[in-house]
K.L.:
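The structure under discussion is supplied below as structure tokens; questions concerning it will follow.
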Protein chains: 2
Amino acid sequence: MSSPSTPTRGRPARLDRARTLETALDLLNQSGLDALTMRRLADAMGVQAGALYRYFATKQDLLTAMAERMLEGVSTSAQAIDGDDWSERLATLARAQRTALLAHRDGARVFAGTHATGPSVLGFADTFVGVLREAGFQDEAAARALYTVVNYTVGHTLEEQAALQAEDGDPEAVSALRDAVTTDTYPHLNATLPTLTSTDFTRLFEFGLDLIIEGLRARHAPSSAK
Amino acid sequence: MSSPSTPTRGRPARLDRARTLETALDLLNQSGLDALTMRRLADAMGVQAGALYRYFATKQDLLTAMAERMLEGVSTSAQAIDGDDWSERLATLARAQRTALLAHRDGARVFAGTHATGPSVLGFADTFVGVLREAGFQDEAAARALYTVVNYTVGHTLEEQAALQAEDGDPEAVSALRDAVTTDTYPHLNATLPTLTSTDFTRLFEFGLDLIIEGLRARHAPSSAK
DNA sequence: ACCTGAACACCGTTCAAGT
DNA sequence: ACCTGAACACCGTTCAAGT
């Protein structure tokens, strides 16, 4: 409860959780997740690698804190839009999560690889479930819908950021798919190739999000039509 | 086209892509992705680590081949169920993908971390898009629906396998969530806690899959009501 | 042709010792 | 109290040299 970060009478610490987290997120944006090592982070902080372990028990711990930090403020984005119906508020929340993950290089990979349970993540989840419960959905449906939307959003953004990285740096992989599909072996992929290789990820995300919300609407038994 | 694996007159090779792939998947099941190193795989094959690079250019290459291998046979599973309507065939395909990923430890993580474009993956995609096109969906909708379902399935299974690992080995994390939620800070999470912490992942997967299919049904303009 | 041996340039993590 | 220095036990990848 008081180990580091408590004001003491010793030398002022060159390290602390908040500054380290900030530097780690900067490093992530500049170099990507694969290049984010404890040694490089320590270097950026002007310190030896071992010193980081006074503030983060493991690298996984650091990544979890980063994931939590990335979602800071996402839940409030939907409260601003009050008065809208539940479906629009849900869509706003999902879009806010995607945007938050996209805001950092490999953001979806960091989030998917951790199990953050800080106030940002829990606040987001609570707001999400609240929107549905107040709209008259059953508790079970509301909780399951949270997972559906979050898992879809993370899955989509994972794919989106992977595709963005494949574009620059490895353009062979894209044309490799094109070549493989351009035969009579995969007639349906061939026929839909323009859409399959489209880079309009926002449109793609909206399509799936709309399907899920439409599905929710179908099982919506309005008790109090607010 | 003929470098290794072609029958030659030299010593019989102790290594080849197929056997190495098999061993890698076994090792994955036994020890998990984090313990799957080139050195340990080489050890299991009775060979030095460097020798693996005659068959796989990089570790990423090996993982991609593993992902492709994992999805072998998933597309045929839906062809067996002929005569069903498009929605049931779609659900069968999605379930088959989840099952294939669940069949290997960290299967979803391997799949999400690669960009496999082999016949298993492309065959699956072609079958999926074909079901929708033949049901009368527009090309654009069919292609986008593929991404929606696949991204949802991967996102869900990623979460499912992560939760399974968190259960045994790190049971504090689960109760940590319970403790954090059991306050008046997150009233909606508190009210839905039983569903949120349920381990019936099949039911959870079916819920989201059903929402997506219901959403597709809503925009289904039947041209030929087969 | 296929594999070994050894190296290169790294990793995450720990911990006595310094200040 | 906070950080250094150095070590431990590893990594992925390359490549001359052997057989």
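Order of the sequence lines sets the chain letters (A, B, ...), proteins ahead of strands, with each chain counted from 1. All heavy atoms count here, side chains included; hydrogens, waters and symmetry mates do not.
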K.L.:
Could you tell me the separation between the CD atom of B:Gln48 and the C1' atom of D:dA17, rounded to a whole number of Å?
P.N.:
14 Å
K.L.:
In terms of side-chain heavy atoms of B:Thr37, which of C:dG12, D:dC3, D:dG12 is nearest?
P.N.:
D:dG12
K.L.:
What is the distance, to the nearest angstrom, from the CG atom on B:Asp43 to the P atom on C:dG5?
P.N.:
13 Å
K.L.:
Please determine, for the side chain of B:Lys59, which listed nucleotide (D:dT4, C:dT13, D:dG12) has the closest atom?
P.N.:
D:dG12
K.L.:
Rounded to the nearest 0.5 Å, how far does CG of B:Leu189 lie from CG of A:Asp126?
P.N.:
4.0 Å
K.L.:
Could you identify the nucleotide paired to D:dA7, looking across every strand shown and requiring Watson-Crick or G-U wobble geometry with both distances under 3.5 Å?
P.N.:
C:dT13
K.L.:
Partner of D:dA1 by Watson-Crick or G-U wobble geometry, both contacts under 3.5 Å, or none?
P.N.:
C:dT19
K.L.:
Below 4.0 angstrom from OP1 or OP2 of D:dC10, is there any side-chain N or O of B:Arg40?
P.N.:
no
K.L.:
Over how many whole Å does the gap from A:Arg54 atom CZ to D:dA1 atom P extend?
P.N.:
9 Å
K.L.:
OP1, OP2 of C:dT19 versus side-chain N and O of A:Arg14: anything below 4.0 Å?
P.N.:
no
K.L.:
Looking only at the side chain of B:Ala13 (C-beta and beyond, no hydrogens), which of the listed nucleotides C:dC3, D:dC3, C:dG12 gets closest?
P.N.:
C:dC3
K.L.:
What integer distance in Å separates B:Met45:CE from C:dT4:C1'?
P.N.:
16 Å
K.L.:
Decide, yes or no, whether a salt bridge links A:Arg19 with A:Asp16 under the criterion of side-chain N to carboxylate O below 4.0 Å.
P.N.:
yes
K.L.:
Is the shortest side-chain heavy-atom distance between B:Leu102 and B:Arg98 below 4.5 Å?
P.N.:
yes
K.L.:
Is the centre of the A:Phe205 ring less than 6.0 Å from the centre of the A:Tyr152 ring?
P.N.:
yes
K.L.:
Work out how far the C1' atom of D:dA9 is from that of C:dC10, and round it to whole angstrom.
P.N.:
13 Å
K.L.:
Find the distance B:Leu36:CG to D:dC11:C1' and express it as a whole number of Å.
P.N.:
13 Å
K.L.:
Over how many whole Å does the gap from A:Leu41 atom CG to D:dC3 atom C1' extend?
P.N.:
15 Å
K.L.:
Give a yes/no on whether any side-chain N or O of B:Tyr55 is located under 4.0 angstrom from OP1 or OP2 of C:dC3.
P.N.:
yes
K.L.:
Figure out the CG/P separation between A:Leu52 and C:dT14, and round it to whole Å.
P.N.:
13 Å
K.L.:
Find the distance B:Asp34:CG to D:dC11:C1' and express it as a whole number of Å.
P.N.:
13 Å
K.L.:
Looking only at the side chain of A:Ala51 (C-beta and beyond, no hydrogens), which of the listed nucleotides C:dT13, D:dT13, D:dC3 gets closest?
P.N.:
D:dC3
K.L.:
B:Leu15 or A:Gln60: which one's nearest nucleotide on DNA chain C is closer to the 5' end?
P.N.:
B:Leu15
K.L.:
Would you tell me if any nitrogen or oxygen in the side chain of A:Arg39 comes within less than 4.0 Å of OP1 or OP2 on D:dG5?
P.N.:
no
K.L.:
Tell me if a side-chain donor or acceptor on B:Asp106 pairs with a main-chain N or O of B:Gly32 at a distance below 3.5 Å.
P.N.:
no
